[in-house]
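Just so you know, these numbers come straight off a predicted model, no measurement behind them. Whatever order the structure lists ligands and atoms in, that order sets their numbers, starting from 1. Atoms considered below: every heavy atom in the structure, side chains included; atoms not considered: hydrogens, waters and symmetry mates.
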Amino acid sequence: MNSEAGIKHLLAALKGARQSPVPFWYMRQAGRYLPEYRKLRAEAGDFLDLCYSPDLAIEVSLQPLRRYAMDGVILFSDILVVPHALGMGLRYIEGEGPQLDALDRRDVLPRYRREAFLAHLSPVFETLKGITAEAPAGATVIGFAGAPWTVATYMIEGGSSRDFAKCKSWAFQDPENFQLLIDLLIDSTSDYLSAQIDAGAEVVQIFDSWAAALPEMALQRWSLAPILAIAKRIGRKHPGVPVIAFPRGAGVSYKLYAEEPDISAVSLDSTVPLSWAAEHLQPQAVVQGNLDPQLLVCGGAPMLEEAERILAALSGGPLVFNLGHGIVPQTPPEHVAALSEFIRGWRA
Ligand code: CP3
């Protein structure tokens with residue numbers, strides 16, 4: 001962990017200053033690949049109970065930092081607490097992922113009641129306060145939420161989906177009605193992230209994990225525009241707090257996110273070509289990424305050679321080293337240690 005001249009290393013990079021060594025953290029850095037997570041998770045029983053128990057969620061958030069001293073500590077929670085706090089039934093079934101009581105386009109949308117919504121999420125804010133108090137001094141506290149499009153896919157499909165058929169037919173056939181759902185998610189997610197910042201988050205990341213499902217015009221309307229609306233509200237209320245957008249799989253459309261002044265950084269999935277990112281994205285935004293999580297499962301020379309390639313290609317501008325998607329449960333913890341040592345020791 002590094003914090004020169006008082007400003008945290010990761011925060012400085014996200015505000016646009018090139019840092020050496022390159023700051024790093026990993027998406028899903030807390031989770032099932034860590035034995036100490038599995039132990040706490042078994043004690044908590046249910047995944048949602050873990051998310052809503054500040055003492056346990058603080059501990060789980062800090063676990064990976066004790067091993068690897070990343071430059072960032074991300075809140076331990078899930079993107080689906082937002083629909084849950086809006087009143088939707090939510091369960092996590094072992095081995096099957098999340099299940100929600102699916103929303104139909106003929107249903108009346110839940111009316112947004114800000115007080116009740118934020119009250120439901122108060123354990124998350126308590127968790128952030130605890131993380132802020134207990135994290136190592138140089139670690140930047142990262143809050144997050146799902147982007148409206150990705151959260152809407154879970155609300156409409158009732159869980160994970162391969163083709164997003166229900167969600168797309170709603171959006172394509174009845175866009176004015178679908179906009180009402182997206183607007184509800186813009187309002188609630190903006191309030192949620194703003195409250196996370198009040199509770200100690202120093203940066204926020206917006207996960208649009210399923211952006212790649214959308215064709216060009218739909219991507220602009222349902223992924224880019226809602227993320228931008230949220231980023232603008234955060235920018236007005238909390239000037240200077242960096243917003244990271246992660247439109248996973250957006251391809252050349254990454255440029256549209258990077259060129260928006262309210263979006264400070266873009267998190268690159270593993271398919272984004274490095275030289276293209278250096279030329280077209282980095283002049284306009286900080287870039288974060290993008291090691292393939294399967295290389296972290298693999299470890300050894302293939303992992304380190306790719307990490308070297310990423311650092312060499314992108315360290316000429318502001319860069320945060322990360323993965324192209326979250327750490328998977330099969331990852332050997334010692335590979336994460338080896339990668340972290342490599343990043344820490346690397347110089348341009
Ligand atoms: O990065 C971190 O360490 C913070 C924690 C975090 C979780 N989920 C914990 C979690 C974050 C940032 C998320 C985001 C999230 N959740 C996304 C966006 C990022 C992405 O991966 O694309 C999405 C799409 C979800 C929805 C979700 N939550 C799914 C599909 C699943 C089941 C799949 C799985 O890995 O089991 C979850 C559950 C979940 N969220 C777990 C964790 C650690 C596993 C729960 C367990 O312990 O059983």
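Between Phe76 and Tyr37, the distance from one ring center to the other falls under 6.0 angstrom. Close placement of the Trp222 and Phe178 rings is indicated, their centers lying within 6.0 Å of each other. Tyr52 has its ring centre less than 6.0 Å from the ring centre of His120. Checked against the 6.0 Å centroid criterion, the rings of Tyr92 and Phe47 qualify as a close aromatic pair.
Protein heavy atom at the shortest distance from atom 1 (O) of ligand 1 is Arg28 N, 2.6 Å. In terms of protein heavy atoms, atom 38 (C) of ligand 1 is closest to Tyr92 CE2, 3.7 Å. Among protein heavy atoms, the minimum distance from atom 31 (C) of ligand 1 is reached at Pro98 CD, 3.7 Å.
Under the salt bridge (Lys or Arg N to Asp or Glu O under 4.0 Å) criterion, Arg221 pairs with no residue, sequence neighbours left out.
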_Derivation of the side-chain hydrogen bond (donor to acceptor under 3.5 Å, both in side chains) call for Ser161 and Tyr154_ = CA-CA 8 Å; Ser161 168; Tyr154 287 96; over 6 Å; no
*Start with the C-alpha distance between Glu59 and Arg66, add both sets of side-chain angles, then the distance that settles salt bridge (Lys or Arg N to Asp or Glu O under 4.0 Å), and finish with yes or no.*
CA-CA 10 Å; Glu59 174 58 22; Arg66 294 196 188 108; 2.8 Å; yes
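Residue His325 has at least one N or O atom closer than 3.5 Å to an N or O atom of ligand 1. By the 3.5 Å distance cut-off applied to N or O atoms, Ser160 is not counted among the residues near ligand 1. At least one N/O-N/O distance between Ser209 and ligand 1 falls below 3.5 Å. In terms of polar-atom proximity, Ala30 is counted as a contact of ligand 1, with an N or O under 3.5 Å from an N or O of the ligand.
Shown in contact with Ile74 at under 4.0 Å from a heavy atom are these atoms of ligand 1, numbered in order with element: 1 (O), 2 (C), 3 (O), 4 (C). Atom numbering of ligand 1 starts at 1 in the shown order; those under 4.0 Å from a heavy atom of Tyr37 are 43 (C), 46 (C), 47 (O). Those atoms of ligand 1 that come under 4.0 Å of a heavy atom in Leu75, given as number and element, are 4 (C). Within the listing of ligand 1, atoms 1 (O) sit less than 4.0 angstrom from a heavy atom of Met27. Atoms of ligand 1 lying under 4.0 Å from any heavy atom of Phe144, numbered from 1 in the order shown and given with element: 11 (C), 12 (C). Counting the atoms of ligand 1 from 1 in the order shown, those under 4.0 Å from a heavy atom of Gln29 are 1 (O), 2 (C), 3 (O).
Residue-level proximity to ligand 1 for Leu50 is absent, since no heavy atom of it falls below 4.0 angstrom. When heavy-atom distances to ligand 1 are checked against a 4.0 Å cut-off, Ser77 comes that close only through its backbone atoms N, CA, C and O.
With atom 36 (O) of ligand 1 as the reference point, the heavy atom nearest to it among Glu96, Arg32, Arg41 is part of Arg32. Ranked by closest heavy atom to atom 23 (C) of ligand 1, the top entry among Asp78, Leu34, Ile79 is Ile79. Distances from atom 24 (C) of ligand 1 to the heavy atoms of Phe207, Tyr33, Tyr154, Phe47 put Tyr154 nearest.
Without hydrogens or angle criteria, His84 side chain to Leu90 main chain gives no donor-acceptor distance under 3.5 Å.
In this structure, a donor-acceptor pair under 3.5 Å is present between the side chains of Ser194 and His238.
Arg91 pairs with exactly one of Asp49, Asp101, Asp46 by the salt bridge (Lys or Arg N to Asp or Glu O under 4.0 Å) rule, that one being Asp101.
Salt-bridge formation is not detected for the pair Lys39/Glu36: no Lys NZ or Arg NE/NH1/NH2 atom is positioned less than 4.0 Å from an Asp or Glu carboxylate oxygen.
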